[in-house]
Amino acid sequence: STPSERDERRVFSLLLPPPNVTGRLHMGHMLNQTQMDIVVRWHRMRGFITLWLPGTDHAGIATQMMVERQLSSEGKKREQLGREAFIERVWEWKRHYGGAILDQMKRLGASVDWEREYFTMDENLSRAVREVFVRLYEDGLIYRGKYIVNWCPRCGSAISDLEVKHEDVAGKLYEIRYPVVGSEEFITVATTRPETMLGDTAVAVNEKDERYTHLHGKKVRVPLVNREIPIITDELAQPEFGTGAVKVTPAHDPNDFEAGLRHNLAQIDLMDDHARMNENAGAYAGLDRFEARLRVLHDLREQGFLVAEKDYTVSIGKCDRCNSIVEPRLSMQWFIKIAPLAKRAIEVVEKGYIRFTPENYQQIYLNWMNNIRDWCISRQLWWGHRIPAWRCTDCNETIVARETPVSCTKCKSSRLEQEPDVLDTWFSSGLLPFTSLGWPDATRDLDVFYPTSLLITGFDILFFWVARMIMLGCWFMSPPHRPVRAGEKQLEGDEVLRQSVPFREVYIHALVRDADRQKMSKTKGNVLDPIEVIGKYGTDATRFTLAAMSSPGTDIAFNPSRTDGYRAFANKIWNAARFMFMNVDRLGAGIRPSSAKSGAGVDSFAAQTLEDRWILSRFNRVAGDVDNALTAYRFDDAARAIYDFFWGEFCDWYIELIKPRMILEDDTKGGAATREDGVLACRNLVSLFEASLRLLHPVMPFITEEIWHALYDGKPPLASIALASYPQTSEKQINLDAETEMAILQDLIASVRNIRAELKVEHKQRVPIQIFAQDPAIQNLIEQNRGAVERLANVEAIACSEISLSKLPGARHTARFDVHVIYEQKIDVAAERARLTKQLEQFGKEISNGERQLSNEQFLAKAPANVAEGIRKRLLELHSLREKAQLQLDELVTAVR
RNA sequence: GGGCGCUUAACUCAGCGGUAGAGUGCCACCUUCACACGGUGGAAGUCGUAGGUUCAAAUCCUACAGCGCCCACCA
């Protein structure tokens, strides 16, 4: 009961996952945006107030790399330019090339709110970033410290755990022996990174490992550097592994670092920012780390310290961005103490305030969140949000502030230096759901659109982005950080958490692969450019393909041949429209829909004939199916439902059926058609077509827009079909009888066509047929729709038989009627016999299955009544069908004799 | 080392407890006045393997095989 302007049922908001400014559009973007656009258009048409917020991400490392590369082609380095000039250069780059991806997006038809486009380094967003940083600091959730982080020597920066990709490679496990001081003994340790021995400050053994009990408290001498270090007992050493003794290098390994803290060991940092050995490496100073490794091994070997080299699979970490081998390195960094944030982020998901689709991502998310570690947010880059922290060069005090401070808060000195580091890019993007809506101010946008309704994104950024948004959103949109509008009360109880989430639902989309299911990658050269694809097949066809292939849980193997099929669909729509316009023009005024209104259903449709009642019923049913599909994010079901309806029912049957009612100028066979009836039929056609366009619009925005405007002769009731109402199912227009009756006629027509094909009747030749139907209602139905049957099955006369036609060779039987084509041509006896034999076999199999079930007491006792009833009914049909087929076969054999 | 997903017609995929589906491709016929990016008809699958649960299994369970993904600080 807050005085919120928001009525959640009428608001639909979502954030476009901001592409990197450096990005180029790929199929993944297109899939993502197609799905979002479908959902957005669908909601907008259903009357929701929609907000789809676009923007781009400054993408720290990626962008910096891009500009560095540009500089290097000019023979320059960023250090030569200096920080300020370099940043200016990046902005310049951004102004030039930064918008490319959004321009590409426009061609996909994405109906985002372009006028609200943001960039993550815009002034207002940057201000919010500083605000968040300061508040986290004030909440005691940000700390600075010297810890082991993943260090990328190429980027010259720390990166987070998530930004390290692990790769298994064949390597070696080296065993090195360290002489025990004051004894002839050696202790042998194993390592995959021998160069780090230069920084060893202990050797650890397990306390319970009796092999080493006698060495407890002794010292060893590190070969090559001749430093004496203690033998310590620590859990770190596991007796089963290697020799059971492990070297401890606190400055270059996270486990060793922890052990070092436990035993108060010195930390010897061996490398510089670019992973070259520093002065601590003694004789090896100046060497690259891998060169140093070779030299160390060589020297160890020569001096007899290297005892063994064993083949070993090592997992090496590589920088996600530049693929350099990451070095665990001790350095001063900023971290977020993540546990309190993670706790809330877990709670909101467990309580169902955020729902994942497909559901299994919920567990994946929770597993990750439950094992989360502190997040290193500082990056030693120049491009990004600079950390709002200053150090007093006089008293060394750290000042964290929203605005640049003028003097030290402690000693009043004015000699302050700002922290050179910038923030991890994901820090700012993790804030977007609320900062893009105006946080920390209590804006109307924030009130109306937060929490956003939905997030559609790929699983690859589930942890990078989705998880961070949840943690930060829940923190900063809860009291005391949630801004309160004047007169508004803070939320209470469960509402606090429920309203703090950045989005209510997360839909995780599939990965788009190439036709051979290979991941698309630049190195493989199999990347499909969406712009090229839409150039070839059209945007609508490409969108339709992606929608139709969006089934949950599976990656999409994007095969252009499929798009080819949907281009044909687009073409089909054009041609159906052409047919419609042709008739509209011929029949004249009063047929186009009123430019004064646009309804929510199939409004000015006067169902007169069976096909009218049928198509109206089908349309309403399909509209319901599409609604259900979209509600469940089943883009594939929605696309399929529309496709099948439009092509398979509307074009193949309805249009064919109403053709005789249309008056065509050169129609001499039309006969019974009157002008008035033609107008009526055409109005219905127009009305249904108009509704179909609205049904189809979210998936195929361009073609539907164009035809829709033409339909209103350029004077539509609304500026765009996108603003018209989405078709809603009207129960009144669903007509089961019409559907059943139509199915019988379709069955009859298909049977005749089938017989004609078997008998090889000339296409143009109209033939007489005989029909037998036991049920007078069916006989009546056929009688009343004689014209349709004659037309669509190319029949010239229909005779109704009083007796079953079972014995006639070539006749077809269904449960409701027998039909026979009268044609002098000899039937292909062999083919007919094969067909009947096969049919008999199938009938027989099905009958014995059914009978077995019905004679099974267990089945009768346990199966639901309707299932048993269904089988009984089917068995009756089958017996009759089998009998007829058998008679026919007998007749055939007799005839041949 | 943990966790997850996939295996259905030649290809790409739906179906996930009650008689095997679609698109493309294939075969045959047809340029009929919306459409050959079309129409009509047709062929094509013991639903990865082996067990189990059930009256009933492509559908649920177990194991196995193959393919793929994610997470993980064991030298």
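The chains referred to below are lettered A, B, ... by the order of the sequence lines, with proteins before strands, and numbering in each begins at 1.
- Classified by interplanar angle (parallel below 30°, tilted 30° to 60°, perpendicular above 60°), the ring pair A:F635/A:Y633 is tilted.
- Distance noted for atom C1' between B:U54 and B:G18: 12 Å (whole Å).
- As judged by a 4.0 angstrom heavy-atom cut-off over every strand, A:R852 is placed among residues making no nucleic acid contact.
- Annotation: cation-pi geometry not satisfied between A:K572 and A:Y643 (NZ/CZ under 6.0 angstrom from ring centroid, within 45° of ring axis).
- Among the heavy atoms of the strands lying under 4.0 Å from A:R753 are primed sugar atoms or P, OP1, OP2 only; no base atom is included.
- Here, B:A44 and B:C64 have their P atoms 37 Å apart, quoted to the whole Å.
- Between A:Y312 and A:F241, the ring planes are perpendicular. Angles over 60° get that label, and only those under 30° would be called parallel.
- Across all strands shown, the partner of B:G18 is B:C55, judged by Watson-Crick or G-U wobble contacts whose two distances both fall under 3.5 Å.
- When heavy atoms are screened at a 4.0 angstrom cut-off, A:P328 is found touching no nucleic acid atom at all.
- Proximity note for A:D637 (side chain, C-beta onward) versus B:A34, B:A14, B:C70: the nearest is B:A14.
- Here the separation of B:G1 from B:U53, taken at their C1' atoms, is 32 Å to the nearest Å.
- Using P as the reference atom, B:G42 and B:U8 are 26 Å apart when rounded to the nearest Å.
- The separation of B:C13 from B:A75, taken at their C1' atoms, amounts to 47 Å, rounded to a whole angstrom.
- Two residues, A:D555 and A:D644, neighbour RNA chain B, and the one matched to the more 5' nucleotide by heavy-atom proximity is A:D555.
- Pairing partner, B:A28: B:U40, with both Watson-Crick or wobble hydrogen-bond distances short of 3.5 Å.
- A donor and an acceptor atom, one from each side chain of A:N371 and A:N367, are nowhere located under 3.5 Å apart.
- Ring planes of A:W368 and A:F463: parallel class, angle under 30° (limits at 30 and 60°).
- B:C26 and B:U49: their P atoms are spaced 29 Å apart (whole Å).
- Nearest-nucleotide mapping onto RNA chain B: of A:A576 and A:N754, the residue sitting toward the 5' end is A:A576.
- For A:K572, whose side chain is taken as the heavy atoms from C-beta onward, the closest listed nucleotide among B:C37, B:A34, B:G23 is B:A34.
- For the C1' atoms, the distance from B:G39 to B:U32 is 9 Å, rounded to whole Å.
- At the heavy-atom level, A:A237 lies under 4.0 Å from base atoms of the strands shown.
- Backbone-only engagement by A:R640 is indicated by non-hydrogen atom pairs under 4.0 Å involving sugar-phosphate atoms exclusively.
- Distances from the side chain of A:D652 to the nucleotides B:C71, B:G39, B:A75 place B:G39 closest.
- A:A757 comes within 4.0 angstrom of sugar-phosphate atoms only, judged by non-hydrogen atoms across all strands, and of no base.
- B:G23 and B:C11 make up a base pair, with Watson-Crick or G-U wobble contacts both under 3.5 Å.
- Here the P atom of nucleotide B:C71 and the CD atom of A:Q362 are 19 Å apart, to the nearest Å.
- Closest to the A:A750 side chain, of the nucleotides B:G41, B:C69, B:A75, is B:G41.
- In this entry B:C47 has no Watson-Crick or G-U wobble partner, no candidate having both defining distances under 3.5 Å.
- Pair check for B:A34 finds none; no Watson-Crick or G-U wobble contact set falls under 3.5 Å.
- Comparing B:G39, B:G18, B:A75 against the side chain of A:W647 picks out B:G39 as the nearest.
- Remark: A:E235 CD is loosely packed, at most 12 non-hydrogen atoms of other residues, nucleotides or ligands lying under 6.0 Å away.
- Side-chain proximity of A:T191 to the nucleotides B:G41, B:A75, B:C13 is greatest for B:A75.
- Across all strands shown, A:M549 has heavy atoms under 4.0 Å from sugar-phosphate atoms exclusively, and none from any base.
- When rounded to the nearest whole Å, the span between CZ of A:F581 and P of B:A34 equals 16 Å.
- When distances run from any side-chain atom of A:D636 to the nucleotides B:C69, B:G39, B:A14, the shortest one goes to B:A14.
- Side chains of A:E163 and A:S160: a donor-acceptor N/O pair is present below 3.5 angstrom, by distance only.
- Proximity note for A:R578 (side chain, C-beta onward) versus B:U31, B:C35, B:C13: the nearest is B:C35.
- At a threshold of 4.0 angstrom between heavy atoms, the contacts of A:G244 include nucleobase atoms, whether or not backbone atoms are also involved.
- The aromatic rings of A:Y566 and A:F544 lie tilted to each other, with the angle between the two planes from 30° to 60°.
- In this structure, the CD1 atom of A:I707 is 15 Å from the P atom of B:C35, given to the nearest Å.
- Rounded to whole angstrom, the span from the CD atom of A:E167 across to the P atom of B:A72 amounts to 15 Å.
- OP1 and OP2 of B:C70 both lie 4.0 Å or more from every side-chain N or O belonging to A:Y361.
- By the 6.0 Å contact criterion, CD on A:E207 is open, its count of non-hydrogen atoms from other residues, nucleotides or ligands being 12 or less.
- A straight line from CG of A:D168 to P of B:C70 spans 13 Å, rounded to a whole angstrom.
- Checked by atom type, the side-chain pair A:R852/A:N849 shows a donor-acceptor distance below 3.5 Å.
- The base-pairing partner of B:G5, taking Watson-Crick or G-U wobble contacts with both distances under 3.5 Å, is B:C67.
- Contact annotation: A:R193 does not reach the phosphate of B:C74 (side-chain N/O to OP1 or OP2, under 4.0 Å).
- The residue A:R634 sits close only to the backbone: its heavy atoms come under 4.0 Å of sugar-phosphate atoms, none of a base.
- Here B:C74 presents its P atom at 14 Å from CD1 of A:I148, a figure rounded to the nearest Å.
- Distance from the side chain of A:H763 is smallest for B:U32 among the nucleotides B:A34, B:U32, B:C35.
- If you check every strand for non-hydrogen atoms under 4.0 Å, A:A557 touches sugar and phosphate atoms only.
- A:E877 comes within contact range of no nucleotide atom at all, as no heavy-atom separation falls under 4.0 Å.
- If you take atom P in B:G21 and the same atom in B:A9, they sit 14 Å apart, rounded to whole Å.
- Residue A:L236 is in base contact, counting any heavy-atom pair closer than 4.0 Å across all strands shown.
- Side-chain atoms of A:N367 lie closest to B:G3 of the nucleotides B:G68, B:G3, B:C35.
- Applying the 3.5 Å distance criterion, the base of B:A28 shares no donor-acceptor pair with the side chain of A:E758.
- Counting any heavy atom pair closer than 4.0 Å across all strands shown, A:F558 reaches no nucleic acid atom.
- An OP1 or OP2 oxygen of B:A34 is reached within less than 4.0 angstrom by a side-chain nitrogen or oxygen of A:K659.
- In this structure, CG of A:N370 is placed 16 Å from P of B:C71, rounded to the nearest angstrom.
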